[in-house]
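Heads up, the thing below is written out as structure tokens.
Owing to the predicted nature of the structure, the values given are computational and were not obtained by experimental measurement. The chain is numbered in sequence order, starting from 1.
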Amino acid sequence: MDDTKLSRIQWGALVALRILVGWHFLYEGVAKLLKGNWSAAGYLLESKWILSGWFHWMASHPDVLSAVNFLNMWGLTAIGLALIAGFCTRPAGMAGILLILLYYVCNPPMPGLFYSIPMEGNYLIVNKNLVELGALAVLVVIPTGQVIGIDRIVHKAVRRLKKG
């Protein structure tokens, strides 16, 4: 591999990707929070794939479901805010990957699996969750927050402290 530097347009495109993904997370979290009675129970109970027993168990235990709902709503919101602000972008991206991976494993678009909940579009193995997971993987390995974001301020401050 060579040490090719990214152009301003390339960095701009990556920062825009980070902000767009962040907006999607933030909006999904806030929409769930504002709904008031939102619950992951229906989504969890639809699971038919490899960890379906675990997802069904979560939905059938009120205390566990309450924690899942809380973590889902506030996790989406916090990840979204962090990505938009460029703050702790790598940890936020990794948390987003974990969350989306759980969504994907719970209800993947695999042949032979049919769900009663309405699906957006027609998918075969690859759906919007997997695409967004891929986008987050790019954002985890490329430090866009150090270009435009709070991470840049923190990174500069840490460098100054190390110098003297």
>> I'd like to know if the side chain of Asn127 and the backbone of Pro109 have a donor-acceptor N/O pair within less than 3.5 Å.
In response: no
> Rest of the hydrophobic cluster containing Leu20 (Ile/Leu/Val/Met/Phe/Trp/Tyr, side-chain heavy atoms under 4.5 Å)?
Replying inline: none
>> In the structure I gave you, are the side-chain heavy atoms of Ile148 and Trp11 within less than 4.5 Å of one another anywhere?
In response: no
> Leu81, Ile19: one ILVMFWY side-chain cluster at the under-4.5 Å cut-off?
Replying inline: no
> Can you get from Leu71 to Val68 by hopping between Ile, Leu, Val, Met, Phe, Trp and Tyr side chains that sit under 4.5 Å apart?
Replying inline: no
> Does CZ in Phe87 sit with more than 12 non-hydrogen atoms of other residues, nucleotides or ligands closer than 6.0 Å?
Replying inline: no
>> Tell me whether Trp38 at atom CH2 has more than 12 heavy atoms from other residues, nucleotides or ligands lying less than 6.0 Å away.
In response: yes
>> Any side-chain to backbone donor/acceptor pair from Ser66 onto Pro62? Under 3.5 Å, distance only.
In response: no
>> Within the 4.5 Å heavy-atom criterion, are Leu65 and Leu44 side-chain neighbours or not?
In response: yes
> Taking only residues two or more places apart in sequence or in another chain, which ones pass side-chain hydrogen bond (donor to acceptor under 3.5 Å, both in side chains) with Gln146?
Replying inline: none
> Shared ILVMFWY cluster between Val21 and Leu99, side chains joined below 4.5 angstrom?
Replying inline: yes
> How about Trp74 and Leu33: do any of their side-chain heavy atoms sit closer than 4.5 Å?
Replying inline: yes
>> For a quick test of reading the model, state the closest non-hydrogen atom pair linking Gly22 to Leu83 and the distance between them.
In response: CA-CB, 3.7 Å
>> Whether the side chain of Arg18 engages the backbone of Thr144 through a donor-acceptor N/O pair (distance < 3.5 Å, no angle test) should be reported.
In response: yes
> Just by modelled atom types, is the Gly86 backbone N or O under 3.5 Å from a matching donor or acceptor in the Thr89 side chain?
Replying inline: no
> Do Asn107 and Ser47 touch side chain to side chain, with heavy atoms closer than 4.5 Å?
Replying inline: yes
> How long is the span from the CD atom in Glu28 to the CH2 atom in Trp23, to the nearest 0.5 Å?
Replying inline: 11.0 Å
> Side-chain heavy atoms under 4.5 angstrom apart, residues restricted to Ile, Leu, Val, Met, Phe, Trp, Tyr: same cluster for Leu51 and Leu45?
Replying inline: no
> Does Phe55 reach the side chain of Glu46, with side-chain heavy atoms less than 4.5 Å apart?
Replying inline: no
> Is Val30 reachable from Phe25 through a run of I, L, V, M, F, W or Y residues, each pair having side-chain heavy atoms under 4.5 Å apart?
Replying inline: no
> CG/Leu26 to NE2/His24 distance, rounded to the nearest 0.5 angstrom?
Replying inline: 11.0 Å
>> Strictly by salt bridge (charged side-chain N to carboxylate O under 4.0 Å, His left out), give each pair with a member in residues 146-160 just once, sequence neighbours left out.
In response: none
> Sub-3.5 Å donor-acceptor pair from the side chain of Ser52 to the main-chain atoms of Trp49, do we have one?
Replying inline: yes
>> With heavy-atom distances below 4.5 Å as the criterion, would you say the side chains of Val64 and Trp57 are in contact?
In response: yes
> SG/Cys106 to CD1/Ile50 distance, rounded to the nearest 0.5 angstrom?
Replying inline: 11.0 Å
> If only atom types and distance count, is the side chain of Glu132 paired as donor or acceptor with the main-chain N or O of Asn129 below 3.5 Å?
Replying inline: no
>> Checking Tyr43 against Asn72 for the side-chain hydrogen bond (donor to acceptor under 3.5 Å, both in side chains) test, could you report, in this order, the C-alpha distance in whole Å, the side-chain angles of both residues, the deciding distance, and whether it holds?
In response: CA-CA 12 Å; Tyr43 193 78; Asn72 201 330; over 6 Å; no
> Any idea which heavy atoms bring Gly96 and Leu136 closest together, and the distance?
Replying inline: C-CD1, 3.6 Å
> Taking all non-hydrogen atoms of both residues, which atom of Val140 and which atom of Arg90 are closest, and how far apart?
Replying inline: O-NE, 2.6 Å
> If you take all heavy atoms of Leu133 and Ile100, which pair is closest and at what distance?
Replying inline: CB-CG2, 3.9 Å
> Shortest non-hydrogen contact from Leu6 to Gln10?
Replying inline: CA-OE1, 3.2 Å
